[in-house]
Amino acid sequence: MSASYGLIGYPLSHSFSKQYFTEKFEKEGISGCEYNLYPLDDIRSLPKLITENPGLKGLNVTIPHKESVLSFLDELDETAKAVGAVNCIKITSQILNPGSKNLKGYNTDVAGFRQSIKPFLEIQHERALIIGTGGAAKAVAYVLKEIGIDCYFVTRDKHGAKVSSYYSDKLFTYNELNEYIINAFKLIVNTTPVGMYPNVDGCPALPYQFLQPSHLLYDLVYNPIETEFLKQGKLKGTATVNGLSMLHLQAEEAWRIWNS
Ligand code: NAP
C-alpha cells in the first residue's frame with residue numbers, strides 16, 4: 001500500500017498528529033504510508049493542495065477550517081452533517097472520471113470526545129458549559145446532547161457566534177458568568193485554543209474562584225498536557241481531563257474511515 005495522509009489547519013506548530021501517525025506506521029509495520037502537515041491559512045487553497053498531491057487519500061482538518069471546509073466537499077457523512085463541522089476528509093477517485101477526486105467529510109471528534117469523556121461523567125454533570133463556539137464546540141455539543149446533558153455556550157460575541165437556533169438562547173458572554181452559573185454547570189469543556197502552545201500562560205476568562213471539587217474540567221487542548229485552565233481547576237480540587245485521549249481516539253477513527 002502506498003498512500004499519503006495529512007493535516008490542514010493554521011497554525012500547526014502545536015500539532016501532535018504527524019508524530020502520532022508516523023509512530024503508528026512504524027509500530028504497526030504499515031509501509032508505504034506517510035503523514036504530513038499542510039499549514040493552510042486560507043481554505044481556498046485546498047483544491048490546489050489536492051491537485052498537487054495526487055497520492056493524498058485522507059486529510060484531518062483542524063483550527064480554523066472545520067466549518068469553512070464544508071463548501072469544498074462533494075459529500076457529507078450523516079454525523080458531520082448533523083454537527084455542521086468536519087475534521088476528517090476521505091479522498092477517492094471519481095468512478096467515472098478517475099482523474100478527478102471525490103471529497104467526503106466526516107466528524108471523528110464526535111467519536112473521540114464521546115469515548116474519552118464517558119468514564120468521567122457522574123450524576124452531577126447534568127449541565128455543561130462549552131467554552132467557544134467553533135468546530136470542536138459543535139462536536140462536543142452534539143455528543144453531550146445525545147447523552148442527555150443540557151449545554152450552554154460561552155462566547156466572546158453573542159451576535160458573532162455561529163450556533164444553531166436551538167442554542168440561540170443558550171449563550172453566555174464571559175462577563176455574564178457568576179457564582180450561580182458556575183455552580184449550576186458542573187461540567188465545563190474548553191474548546192477554544194486559549195492556553196495552547198506556544199501561548200501556554202493563557203486560560204479562558206472564567207471566574208475560577210467559584211469552582212468546587214464536584215466540577216469536571218475537560219480541555220480539548222492537549223499541548224501542553226496540563227493547560228492553565230486545568231491547573232486552575234486542580235487548585236480548586238476539580239476533576240480534570242486533557243485532550244490527549246480524544247486526539248488519539250479521533251485519529252484512530254480517521255484511520256478506520258480512510259481504510260474502509
Ligand atoms: P475553531 O473552529 O477556530 O473554534 C475555536 C473557537 O474558540 C472560536 O469559535 C471562538 O469562539 C473561540 N476562540 C478563538 N480564539 C479565541 C480567543 N483568542 N479567545 C477566546 N476564545 C477564542 O477551532 P476548533 O477547530 O474548534 O479547535 C479549537 C481547539 O480545540 C484547538 O485548540 C484544537 O487544537 C482543539 N481540539 C482538540 C481536539 C482533540 O482531539 N483533543 C479536537 C478538536 C479540537 P467565540 O468566537 O464564540 O468566542
Worked verdict on Glu146 versus Arg114 for salt bridge (charged side-chain N to carboxylate O under 4.0 Å, His left out): CA-CA 10 Å; Glu146 185 187 73; Arg114 187 195 285 126; 2.8 Å; yes

Any side-chain to backbone donor/acceptor pair from Lys18 onto Tyr35? Under 3.5 Å, distance only. yes

If hydrophobic residues (ILVMFWY) are linked whenever their side-chain heavy atoms come closer than 4.5 Å, directly or via other members, who joins Tyr208 in its cluster? Leu129, Ile131, Tyr152, Val154, Phe172, Tyr174, Leu177, Tyr180, Ile181, Ile182, Phe185, Ile188, Leu206, Phe210, Leu211, Leu217, Phe229, Leu230

The reported gap from OG in Ser214 to CD1 in Ile123 (rounded to nearest 0.5 angstrom) is 13.0 Å

Going from OG on Ser93 to NZ on Lys57, what distance comes out if it is rounded to the nearest 0.5 angstrom? 6.5 Å

Does Asn199 reach the main-chain N or O of Gly202 with its side chain, forming a donor-acceptor pair under 3.5 Å? no

Ignoring hydrogens, what is the shortest heavy-atom contact between Ala137 and Ile130? Give both atom names and the distance. CB-CG2, 3.9 Å

Indicate yes or no: at least one non-hydrogen side-chain atom of Lys101 is less than 4.5 angstrom from one of Thr92. no

For residues Ile257 and Ser260, report the shortest heavy-atom separation together with the two atoms involved. O-OG, 3.1 Å

Do Tyr222 and Ser15 come close enough that some side-chain heavy atom pair is under 4.5 Å? yes

By side-chain hydrogen bond (donor to acceptor under 3.5 Å, both in side chains), which residues pair with Thr108, not counting sequence neighbours? Asn87, Gln250

Side chains of Asn36 and Tyr5: does their closest heavy-atom pair fall under 4.5 Å? no

Please list all pairs passing the salt bridge (charged side-chain N to carboxylate O under 4.0 Å, His left out) test where one or both residues lie in residues 208-221, with sequence neighbours left out. none

Side chain to side chain donor-acceptor pair (under 3.5 Å) pairs touching residues 136-145, sequence neighbours excluded, are Glu67-Lys138

Can you check whether Trp255 and Phe25 have ring centres sitting under 6.0 Å from each other? yes

Of the non-hydrogen atoms in Cys151 and Leu144, which two are nearest, and what is the gap between them? SG-CB, 3.4 Å

Are Met196 and Leu12 co-members of a hydrophobic cluster defined by side-chain heavy atoms under 4.5 Å apart? no

Output for pair (Leu235 CG, Gln232 CD), nearest 0.5 Å, gives 6.0 Å

Please round to the nearest 0.5 Å and tell me the distance separating atom CG of Asn60 and atom OG of Ser17. 5.5 Å

Determine whether Phe113 and Ile149 fall in the same hydrophobic cluster, where Ile, Leu, Val, Met, Phe, Trp and Tyr are linked whenever their side-chain heavy atoms lie under 4.5 Å apart. yes

Can you list everything that forms a side-chain hydrogen bond (donor to acceptor under 3.5 Å, both in side chains) with Lys81? Sequence neighbours excluded, please. none

Residue pairs fulfilling salt bridge (charged side-chain N to carboxylate O under 4.0 Å, His left out) with at least one residue in residues 175-202, sequence neighbours excluded: Lys158-Glu176

Supply the members, apart from Ile43, of the Ile/Leu/Val/Met/Phe/Trp/Tyr cluster built from side-chain contacts under 4.5 Å; use none for a lone residue. Ile8, Tyr38, Leu40, Leu46, Leu49, Ile50, Leu56, Leu59, Val61, Val69, Leu70, Phe72, Leu73, Leu76, Val86, Ile89, Ile91, Leu103

Using the test side-chain hydrogen bond (donor to acceptor under 3.5 Å, both in side chains), find all partners of Lys234 that sit at least two apart in sequence or belong to another chain. Glu226

Side chain to side chain, Val140 and Ile117, heavy atoms closer than 4.5 Å: no

Flag, side chain of His215 to backbone of Gln212, donor-acceptor distance under 3.5 Å: yes

Can you name the ring pair (Phe, Tyr, Trp, His ring centres under 6.0 Å) partners of His65, sequence neighbours left out? none

Going by side chain to side chain donor-acceptor pair (under 3.5 Å), name the pairs with one or both residues in residues 161-172, residues two or more places apart or in two chains. Asp150-Lys170

Do Val163 and Leu171 make a side-chain contact, defined as non-hydrogen atoms from C-beta onward lying under 4.5 Å apart? yes

Taking all non-hydrogen atoms of both residues, which atom of Pro198 and which atom of Ser13 are closest, and how far apart? CD-OG, 4.4 Å

Could you give me the CA-CA distance, side-chain angles and deciding distance for Lys66 and Asp109, then say whether salt bridge (charged side-chain N to carboxylate O under 4.0 Å, His left out) is met? CA-CA 11 Å; Lys66 286 183 181 176; Asp109 282 341; 2.7 Å; yes

Quick one: are the ring centres of Trp258 and Phe21 less than 6.0 Å apart? yes

Restricting to side-chain hydrogen bond (donor to acceptor under 3.5 Å, both in side chains), what partner residues turn up for Ser100, sequence neighbours left out? Asn97

Taking atom types as modelled, is there a side-chain donor on Thr192 or Asn190 under 3.5 Å from an acceptor on the other? yes

Decide if the gap between the ring center of Tyr218 and the ring center of Phe120 is smaller than 6.0 angstrom. no

Given side-chain contact (heavy atoms from CB on, under 4.5 Å), test Leu187 with Leu121 step by step and report yes or no. CA-CA 9 Å; Leu187 171 59; Leu121 289 176; 4.1 Å; yes

Please give me the minimum heavy-atom distance between Asn175 and Thr173, naming the atom from each residue. OD1-OG1, 2.9 Å

Where at least one partner belongs to residues 237-254, residue pairs that pass salt bridge (charged side-chain N to carboxylate O under 4.0 Å, His left out), sequence neighbours excluded: Lys24-Glu252, Glu253-Arg256

Starting from the C-alpha separation in whole Å, work towards a yes-or-no answer on side-chain contact (heavy atoms from CB on, under 4.5 Å) for Leu220 and Met246. CA-CA 8 Å; Leu220 264 60; Met246 175 175 172; 3.8 Å; yes

pair Lys104-Asp77: side-chain heavy atoms closer than 4.5 Å: yes

Give the intermediate values and the outcome of side-chain contact (heavy atoms from CB on, under 4.5 Å) for residues Leu216 and Glu122. CA-CA 9 Å; Leu216 169 61; Glu122 293 181 359; over 6 Å; no

Determine yes or no for a side-chain-to-main-chain donor-acceptor pair under 3.5 angstrom, with Ser45 supplying the side chain and Asp42 the backbone. yes

Nearest atoms (heavy-atom pairs only) where Pro224 meets Val200: CD-CG1, 3.7 Å

